[in-house]
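So the structure is just underneath, and the comments pick up after that.
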Amino acid sequence: MSKTDADLRLAPPPRRLQAVARRLLAWYSQHARDLPWRRTRDPYAIWISEIMLQQTQVDTVRPYYLRWLAAFPTLETLATAPQDEVLRLWEGLGYYSRAHNLQRAARQVRERFDGRLPSSMEDLLSLPGIGAYTAAAIASIAFDRDVAVLDGNVKRVLARLFLYEGDVKSPNGMRQLQALADRLLPSGRASEHNQAVMDLGATICTPRRPACDRCPLQTLCEARATGRQEVLPIAQRRAKTPERRADIGVILWNDRVLLEKRSERLLGGLWAFPALNATSLEETASEAALRQKLKALLGRVPGEPKLLLAEIKHTYTHFRLVARAWLYTPQEPVQAAGLGAITDAMAWVRLCDLAGYPMGRVDRRIASALLSQST
DNA sequence: AATCCGGGGGT
DNA sequence: ACCCCAGGATT
């Protein structure tokens, strides 16, 4: 294995690490944020918060966390909840596999660990949805284990503090920084220490325009000393997202609309209006092609679209979607053929019940447009 | 190692 | 328009 120049410099002496850790704890004792999941020692509640906080900011998570704990106060209530209810409470947070994995893990904990969340890294890592970061966070915060977390905040703080100029998102960068985080961890104080580094990254050592003048580590920071705090950490840029188009069918029959339950990985388990997605980047989806799909679903043609209900642009992680939602109001009864095709993955849903069906952003906005239009 | 997976917030 | 976020799973 070859080490890069960036790696070679990443070996601060123990004395300096100690000084950093000491100042961090002192700062945290005065400036810790008051967060709902810091008012509990319940491992289940801490687990929920950590899953919600994956790739999601504190202010976004806060209301979801409170609502979730009210609906599912214990691991047992989560394990036995209907999937639609779990997804409904997750709706809007994104990365819906997190919600699926939470419930799968809750059921595994019931079977394998007597209903109590395990405290060892090995057992935590064996649960779905729990990776290196989350296992370390739960082990340290809920169980006071001496393990160091490494998340986006920690990577940024360490890269600046110790002038790490490698790619912090590469496997090698992760390895180097995890080793450094491990060395920095003061024994017996993992919970406070980990949260201190993350709070510092979230409030002082921010991605842009860090507030070095308020930083407890300003005199110990190599990036600050060399004026590099705005350019570190270095991470590879993501490619530009392509654009895709879709035509979406809103079939209104009496006071009901047809929904499908998605089985794809994207938005899996959520309900959606029947859609025809363009298969290639250049191809334009068309209302005519959508009508063919709807005919297959209904067993008959849905008729001409009554109107273009909405045009919605939405950005996902890897593409931008431009979607047109067409409203169809078939005159002939569709239930004879339609209900024959109804499975667990399809439903004719009353307009007043739409809120109870978990959906992604695009379909929820279509549902809102439909509700405001039909009143 | 690269790609997929959402949605919101900040600049 | 672009980057970031208390990342993990899959290929």
Side-chain angles (χ1 to χ4, degrees), chain A residues 32-33 35-38 46-65 87 90-102 104-105 124-142 148-157 167-175 178 181 191 193-203 205-210 230-231 233-243 262 264-270 272 312-321 358-365:
Chain A
R33 289 177 290 178
L35 305 174
W37 43 92
R38 286 183 176 164
I46 292 168
W47 171 43
I48 298 302
S49 76
E50 289 301 340
I51 300 297
M52 287 186 171
L53 286 161
Q54 289 170 5
Q55 297 298 104
T56 311
Q57 296 179 152
V58 162
D59 286 339
T60 303
V61 165
R62 204 188 302 257
Y64 282 91
Y65 171 85
L87 289 172
W90 198 270
E91 180 180 321
L93 269 181
Y95 288 123
Y96 295 89
S97 65
R98 291 186 292 174
H100 295 297
N101 284 336
L102 264 178
R104 279 209 298 146
L124 287 167
L125 284 168
S126 76
L127 292 168
I130 298 184
Y133 163 76
T134 307
I138 296 172
S140 61
I141 298 171
V149 298
L150 185 67
D151 74 333
N153 286 311
V154 180
K155 282 186 254 184
R156 186 171 57 255
V157 170
D167 180 350
V168 298
K169 293 191 175 177
S170 69
N172 183 48
M174 298 276 286
R175 222 173 21 249
Q178 182 69 60
S191 175
H193 173 82
N194 283 334
Q195 297 184 78
V197 185
M198 292 191 285
D199 262 22
L200 189 76
T203 63
C205 197
T206 49
R208 249 84 53 110
R209 301 173 56 89
E230 304 249 0
V231 301
I234 292 166
Q236 211 173 352
R237 270 192 59 188
R238 265 229 318 271
K240 269 187 54 177
T241 55
E243 178 175 291
R262 298 177 61 97
E264 306 94 299
R265 282 212 305 184
L266 181 68
L267 305 174
L270 299 182
I312 292 171
K313 299 176 199 284
H314 184 71
T315 304
Y316 293 94
T317 308
H318 286 280
F319 63 95
R320 286 196 313 278
L321 182 69
M359 297 178 180
R361 259 284 264 171
V362 171
D363 288 292
R364 184 57 71 199
R365 284 168 65 186

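We name chains A, B, ... by the order of the sequence lines, and we start the count at 1 in each one.
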Taking the same atom, P, in dT3(B) and in dC3(C), what whole-Å distance lies between them?
16 Å
Could you pull out all residues at least two apart from Tyr133(A) that satisfy side chain to side chain donor-acceptor pair (under 3.5 Å)?
Glu50(A)
With ring centroids as reference points, do Tyr316(A) and His314(A) lie under 6.0 angstrom apart?
yes
Chain A vs DNA chain B, heavy-atom contacts under 4.0 Å, first-to-last nucleotide span, 5' to 3', is dA1(B) to dG10(B)
Is the centre of the Tyr64(A) ring less than 6.0 Å from the centre of the Trp90(A) ring?
no
Nucleotide-resolved protein contact map, nucleotides 5-11 of chain C, B/S/- at heavy-atom distance under 4.0 Å
BBBSSS-
Using Watson-Crick and G-U wobble pairs whose two distances are both under 3.5 Å, how do you write the pairing of DNA chain B as dot-bracket, with | for links to another strand?
|||||.|||||
Mind checking side chain to side chain donor-acceptor pair (under 3.5 Å) for Arg365(A) and listing every partner two or more places apart, or none if nothing turns up?
none
For Asp151(A), is there an ion pair with Arg156(A) - N to carboxylate O distance below 4.0 angstrom?
no
Can you check the distance between dA6(C) and dC4(B), where both ends of the measurement are the P atom (answer in whole Å)?
24 Å
Say we look at dG9(B) and dG8(C): how far apart would their C1' atoms be, to the nearest angstrom?
22 Å
For Gly268(A), report the nucleic acid contact type (base, sugar-phosphate, nothing); a contact means any heavy atom under 4.0 Å.
nothing
Answer with base, sugar-phosphate or nothing: what part of the nucleic acid does Arg208(A) contact at a heavy-atom distance below 4.0 Å?
base
Give a yes or no on whether a salt bridge exists between Glu91(A) and Arg364(A), defined as a side-chain N under 4.0 angstrom from a carboxylate O.
yes
Classify Arg98(A) by what it touches in the nucleic acid, base, sugar-phosphate, or nothing, heavy-atom distance under 4.0 Å.
base
Considering heavy-atom distances to DNA chain B, does Arg209(A) or Leu267(A) have its closest nucleotide positioned more toward the 5' end?
Leu267(A)
With sequence neighbours left out, write down each residue that passes side chain to side chain donor-acceptor pair (under 3.5 Å) with Thr241(A), or none if nothing qualifies.
none
Decide whether Arg33(A) and Gln195(A) meet the rule of one side-chain donor and one side-chain acceptor closer than 3.5 Å.
no
Which comes earlier along DNA chain B counting from the 5' end, the contact point of His318(A) or that of Val362(A), where each point is its nearest nucleotide?
His318(A)
Is Arg98(A) reaching over with its side chain to a backbone N or O of Met52(A), donor-acceptor style, under 3.5 angstrom?
yes
Can you find a pair of side-chain heavy atoms, one from Leu35(A) and one from Tyr65(A), that are under 4.5 Å apart?
no
Which one of Leu87(A), Leu267(A), Asp363(A) satisfies the side chain to side chain contact (heavy atoms under 4.5 Å, CB included) criterion with Pro358(A)?
Leu87(A)
Can you tell me how far C1' in dA9(C) sits from the matching atom in dG8(B), rounded to whole Å?
23 Å
